[in-house]
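Because only heavy atoms are used, hydrogens play no part in the values below, and waters and symmetry mates are left out as well, while side chains stay in.
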Amino acid sequence: PRIGHQSITGPHIDTQRQTTSHTHTHSYGQFRVTNQPDIHVFGLCSSFTPVDLFLHLLIKHTQCRQSTHTRKRGRETSRSGRAIPPPHGSIRPQQIANSFYCVLCLFFLVCYPNGSNFQCRCEGQYVWSYRNCIIYGACDEIIDDTCTCINSIPYDGQYCQPKTVHPVVYEYQIFIEVNTTDADQLRNTLKRSMFPVQIGAQISISSADITTVCRQSDTGFQCRCEDEYIWPCEKCATYEKCDSNTNNTCKCIKAIPTDGQYCQSSHHQSEYCSPPALYEYLISIELTISDVAVINELRTILSNISYPISINNHTQISDLNISTVCSPSSGGYQCRCEDQYRWSCDQCLTFGASCDNIMNNTCGCINTIPPDGQYCQSVYQHNFTACPVTTLSPAPTCKKMYSESSGHAQHSFGVEMSVTLGIEFTAELNDATSPRYKELKSKIYPVVKNQYRRITGFISVSINGFRKGSVITDFVVETTQVNSNEIAEANQKLPEVMKPIAPVIGSVSAVYMSPTPISFPNLTYTGDSMMLKCGPPPVNIHVGHISGSVWKFKGLEIKAGGRIKINNTGNVSVLTVNNIIAADTGFYECTLKGRVMDFLQNGTVRENQIKQAPIVQLQSQINIQCKEGQIQPLECCVQKPYTVQWFQGTTVLISDPTNGTENYCIKYNYSTKSCSTSQDKTISFICRVNQPHGYEMTMTLTIFNSGKTAQCNNNGTGYGIGRANDTSVIGCDKGQEGNKTATCQETGEWRLVRDTCIITTIKELLIESQDLNVEEVPHFVVALSQAVQKDKSEIKNSSGTISAIVNILNTISNVSTAVNFTVMQNVIHTVDVIIGNDTKESWAILNANTTYNASSELLGSMETLSDELVGEFNIKTERILLNRTMFSNSFHADLNSNIIIDIPNTGITNTFITTITFSTLNNVMPVRNSAFNVTNKGTAINAAVVLVKINATIQNITLSYNKVNKSLTMNPQCVFWNFTLLQNLGAWDDRGCNFVSDINNTVTCSCNHLTSFSLLMATDIPPSLTEALDIITYVGVGISLASLVICLIIEGYVWKAVTRNSTAFMRHVSIVNTALSLLIADICFIIAAAIANNPLENQGKDLTLPVGPCSTATFFMHFFYLALFFWMLVSGLLLFYRTVMVFSHMSKSTMLAIGFSLGYGCPLIIAAITVAVTAPGHGYIRKTDGCWLNWSETKALLALVIPALTIVFINILIVIVVLFKMLRRGVGDITQRDERHTLVVVARCVIILTPLFGLTWSLGVGTMVSSTNKGIHIAFAFFNSLQVFTLIEIQGCYNETVSALLKIKKYACLSSGLLHISVWDTF
């Protein structure tokens, strides 16, 4: 039966209920109730029978109450008159048909006024729909398209809705181990699979990847991660890495993890690879040292160490400093803090600070060694506790004194004094517990105390100890102020009162050590100036008139000069260090010299206070050819963390940063516009460092008209393009400062004219050497040697760096007074690097300087150092041998099997002799003498350079040299290096030295003085033959050309008559092509000679050959000279064919094809390959001395020598075979008469031509091997002059047919010629 019904219409609720027996039901509906004016509560209601209600009340602890509203039909009205649904509180009782029941309401919405509107907020698990959030405006965040609050009461009857609960999605990560022999197949299968893969109604696979692949290796297993996966840090550490990853993670380990864990996703690295914990320990080390000098040396060593110092992969020392120095004093010890360290106030008060002031809750000295093992603390790392408030009568040991009359604190000062007593110092005076120490102290203490107790502010006096130097007594006078007159008077009277104890030597010295450090800037960039200020003394310290100052750096006195400037004004001294470098960090001391006492102040400039300045790198001079719309990139770089920016005037140019690991680089693309003008256009750009300001470089861009052709190309040099005489300036390589300037030559090559590039480390050493003193030399030469060894590969190609090293060595030689083994060893190792064979080009650039000769400076430095050597020792490196020994009367030595020295009968006893042999100094020293101030290319240093030094006068020394180049035999000169020639530029001189003999490649010389000796020899054609050979060349080539033309005319005239059979035909084809090849080669020679400049006629001028024209002439000479020899080979092969293969017949066309293939095809291939191999590296032709194939660099000349000599050898073999055949049987028995006659002529031609031509060119090889041998040159000229003559003679005079046709006799054959011989002279 129908037992209940609920109808809901809009916001109104009308509830009816009928009951039968105890059967019941619940009826639900929406409601709104107003508890307070304008506050509305909405919810859901449920009706109950009395029994239900009773049970529900017991459970929910609710109450029923009578409604205060009047029920009306339809809608109800609130007190405000607004229509609302029937109000319901928690439970509202109703009376229907004499049945009592209550309605239970659950609230889900509350609306309350907010200004002129309402805010309606959902309760519990109810939310507003997205539509209501947008229409009425959400007053909180919209999450999942819902909100819990809107800014109005909805008028459409919609209210909060239950929140939708999304189903929970669980994600599992499953690892599967697969045993397979083909991991690639599995990897490819997974790549081809499309994800997600549905494997059930509610289950899908989202992705599947291979994470780890383990393979067996020689030592076990290697497990390597796939892409996007890595091993956690602990796995890499546990099982050891098998890759080169430097991070904590790795991609490969050397075992299969036993815990089943595999590679993890690299995107979650931070979750399983946290950085290792870093622990910092402060370790105190106590040293017992009896010598104060050792402590000072230890300070210097620690200040020069670069931190951190790695002990192993996990431990490093971040800093190491002396914190405390405890020394004996009267009755105990005084423990003084070093710079930037202080005692805490409790230590000062506990142990007494009478030796220093308490300032800022700290002091710098206490009167005992703390028994708890604590020492001075860093002012940067320690928080010092404030001093406790004390009474007006502090302990007498405290440094801060209080006046009883005024109650104000007065600072006390310790004035350190010393007096020298005229008594003998014994070891007992070093021991404070010895009777001798105590006795002397007990005698001196009352005298000193009585003498100084009368000065104003006197507190106490203490005896600190005794030092050696007679007996130097150190004592401290403690006072609250210093009156210079009073202290002067006391010092003056002290020697008198000390007489009963011991006489006083000299005067009393007094020093006040300021607790305030020297002032200097917090940050200075290298290259700038740093000012350090010392003084003035405090107002209560009267040191008297200050007469000057003494500055020290790392314990050594600093002298004004160079980059150091000291300025004293009043009570202040200012030290200015210009051109600051990193080596200027360290401990500085300043002493102001007062009339009564000195004022001492110190301070430490730390590494972080001197920073490397920005080094801007760019191409400062660029030349480009104008093309409209052309883009020219302009790049500028600076080391990180600095940044730069391009400017044109004051306009900032938009630039793009480029990738760089160590440098920050930017690039600006400049676009050329109009090219209508014929004038060059110059534009300047500025590359400026952003921070700090003041660092910039200018780039000048020169744009020349497109109608002008650029002669020089980049060709990998970095100079770009340019016209003749254009200049280009580029930056240096990484780690260097400066630039390189090159000029475009007419030959199309850039010539380096200035190189100021210098390695930064060497530059800093050069700057540091400007203030070098003798005490610093041992440490400085070690630093120099280490820097040179570290960067030696870069130094060899940097002339600027080599010049800087020479300057440094020159400074060392001028500063040093006594050079021991260690110092000289480091110098020798440094010099050994810069005189190697690979530094030859750098020295060539330096020797081209006509105002400064670095090589002369280097040799002079070595001579100066050799004068200062002490002791006997030997030093040997790869290129240098130093021997210092003692001899009496005579000396004989074999120096490294290169030089033998003999000094007979000197009459000197026990004298040191120093010899330094430089085996490769021929790469360094220029070949010039007093009359020829340029490098003489016809002369070479043909022996090692030996330096001989004796501290005595020697009148006779004999030197025997082993030649470096044993092929040189002409014009040996015994020379020494004269530093004063050519306005102190230096040159080789032979005064006092005489040539003795040249036997078995050993040249003996005799000299009457000592210095640096060597041997010069001629390397080119002897000068006496040069002019004669030139005349022979020009006359001979003219005759040769005329003779060859006559030869070709004769051949044309008799051609038909002499080519009746195939053998004769090929013979005359060979003759014509041989003559033609020789004719064209001679013409090319004349052209090449016109291109090159004669060195004798153009001394001092640029003899560099133009690459284009000279390469062309050389190519055709090479080709046609090769053709000459290959046509000789054709003649030889023809003879061999007709002699050996007598029954064989070959057509003329076949012979011609073979002949021309060999005669011109092979030479063309060889010549082309030679160009292709050598031309890209600029090694096809020689750079000077005539257009011909290069020999010294690429050995391109072998492309002619090897084929020519090979053909000569083959033809000689053919001649031998033919002669053998002709002797065994008569050729005429088989062949026809004409064929026999032709064969004999061919044989005669080959027999005569091959030895003649072969001998001639063999002599040419001889001129290359021994270029100074007169006999070889004369023989080569003679036989060369017979070549064309012999060719015509064979053609006409020894050919009866030709002679008959020409109607001439043998004696009529007078034509002769000469092949140009200078082709081989250029070897």
Rounded distance [0.5 Å steps], [atom1] in [X] versus [atom2] in [Y]:
X: Ser803; Y: Ile845; atom1: OG; atom2: CD1; answer: 11.5 Å
X: Trp551; Y: Ile564; atom1: CH2; atom2: CD1; answer: 10.5 Å
X: Leu859; Y: Leu947; atom1: CG; atom2: CG; answer: 6.0 Å
X: Ile941; Y: Asn922; atom1: CD1; atom2: CG; answer: 6.0 Å
X: Tyr852; Y: Asn984; atom1: OH; atom2: CG; answer: 13.0 Å
X: Gln617; Y: Asp733; atom1: CD; atom2: CG; answer: 8.5 Å

Which pair of heavy atoms, one from [X] and one from [Y], lies closest together, and at what distance?
X: Ser890; Y: Thr906; value: N-OG1, 4.3 Å
X: Ile834; Y: Thr839; value: O-OG1, 3.3 Å
X: Ala787; Y: Thr761; value: CB-CG2, 3.8 Å
X: Ser1014; Y: Ala943; value: OG-O, 3.4 Å
X: Ala804; Y: Ile758; value: CB-CD1, 3.2 Å
X: Gln770; Y: Arg563; value: OE1-CD, 4.0 Å

Counting neighbours of [atom1] on [X] that are heavy atoms of other residues, nucleotides or ligands and sit closer than 6.0 Å, is the number greater than 12?
X: Asn874; atom1: CG; value: yes
X: His892; atom1: NE2; value: yes
X: Glu872; atom1: CD; value: yes
X: Glu868; atom1: CD; value: yes
X: Asn951; atom1: CG; value: no

Are any non-hydrogen side-chain atoms of [X] and [Y] less than 4.5 angstrom apart?
X: Asn608; Y: Lys611; value: no
X: Ile322; Y: Leu302; value: yes
X: Gln609; Y: Phe520; value: yes
X: Val605; Y: Asp584; value: no
X: Ile957; Y: Asn1008; value: no
X: Asp838; Y: Lys840; value: no
X: Thr885; Y: Phe912; value: no

Sub-3.5 Å donor-acceptor pair from the side chain of [X] to the main-chain atoms of [Y], do we have one?
X: Ser798; Y: Cys757; answer: yes
X: Thr756; Y: Asn739; answer: yes
X: Ser816; Y: Ser813; answer: no
X: Thr830; Y: Asn826; answer: yes
X: Ser888; Y: Asn910; answer: yes
X: Asp771; Y: Gly562; answer: no
X: Trp988; Y: Pro926; answer: yes
X: Thr801; Y: Ile759; answer: yes
X: Arg928; Y: Gly986; answer: yes
X: Gln789; Y: Val833; answer: no

Quiz prompt | With sequence neighbours excluded, residues passing side chain to side chain contact (heavy atoms under 4.5 Å, CB included) with Asp832 | solution = Thr877, Glu878, Arg879, Ile880
Quiz item: Who passes side chain to side chain contact (heavy atoms under 4.5 Å, CB included) against Glu768, sequence neighbours left out?
Solution: Ile581, Ala583, Leu765, Phe780
Quiz prompt | Test log, rule side-chain contact (heavy atoms from CB on, under 4.5 Å), inputs Thr591 and Glu589 | solution = CA-CA 7 Å; Thr591 303; Glu589 293 177 277; 5.7 Å; no
Assess the side chains of [X] and [Y]: does a donor N or O sit below 3.5 Å from an acceptor N or O?
X: Asn942; Y: Asn965; answer: no
X: Ser323; Y: Glu338; answer: no
X: Trp977; Y: Thr1011; answer: no
X: Glu737; Y: Thr760; answer: yes
X: Tyr961; Y: Asn1001; answer: no
X: Asn853; Y: Ser855; answer: yes

Quiz prompt | Audit row: Lys963, Val1003, side-chain contact (heavy atoms from CB on, under 4.5 Å) steps and yes/no | solution = CA-CA 7 Å; Lys963 296 179 184 178; Val1003 178; 3.7 Å; yes
Self-check item: Working for side-chain hydrogen bond (donor to acceptor under 3.5 Å, both in side chains), residues Ser799 and Ser842
Solution: CA-CA 5 Å; Ser799 59; Ser842 297; 5.5 Å; no
Quiz prompt | Glu794 bridged to Lys734 by N-O distance under 4.0 Å | solution = no
Practice problem: Look at Glu557 together with Lys559 and state whether they make a salt bridge at an N to O cut-off of under 4.0 Å. | Solution: yes
Practice problem: Verify side-chain hydrogen bond (donor to acceptor under 3.5 Å, both in side chains) between Asn810 and Glu857, making sure each step is shown before the conclusion. | Solution: CA-CA 7 Å; Asn810 191 32; Glu857 290 289 338; 3.3 Å; yes
Quiz prompt | Stepwise side-chain hydrogen bond (donor to acceptor under 3.5 Å, both in side chains) check, Asp319 with Asn321 | solution = CA-CA 7 Å; Asp319 199 8; Asn321 291 302; 2.8 Å; yes
Quiz item: Does the side-chain contact (heavy atoms from CB on, under 4.5 Å) test come out yes or no for Val945 and Ile916, once each step is laid out?
Solution: CA-CA 8 Å; Val945 177; Ile916 306 178; over 6 Å; no
Quiz item: Does the pair Cys974 and Cys993 meet the rule for a disulfide bond (SG atoms under 2.5 Å apart), with working shown?
Solution: CA-CA 6 Å; Cys974 300; Cys993 291; over 6 Å; no
Exercise. Check the pair Arg991 / Asn978 against side-chain contact (heavy atoms from CB on, under 4.5 Å), numbers first and verdict last.
Key: CA-CA 9 Å; Arg991 284 178 292 181; Asn978 190 335; 2.9 Å; yes
Practice problem: Scan for side-chain hydrogen bond (donor to acceptor under 3.5 Å, both in side chains) pairs involving residues 911-920, sequence neighbours excluded, and state none if there are none. | Solution: Arg884-Thr914
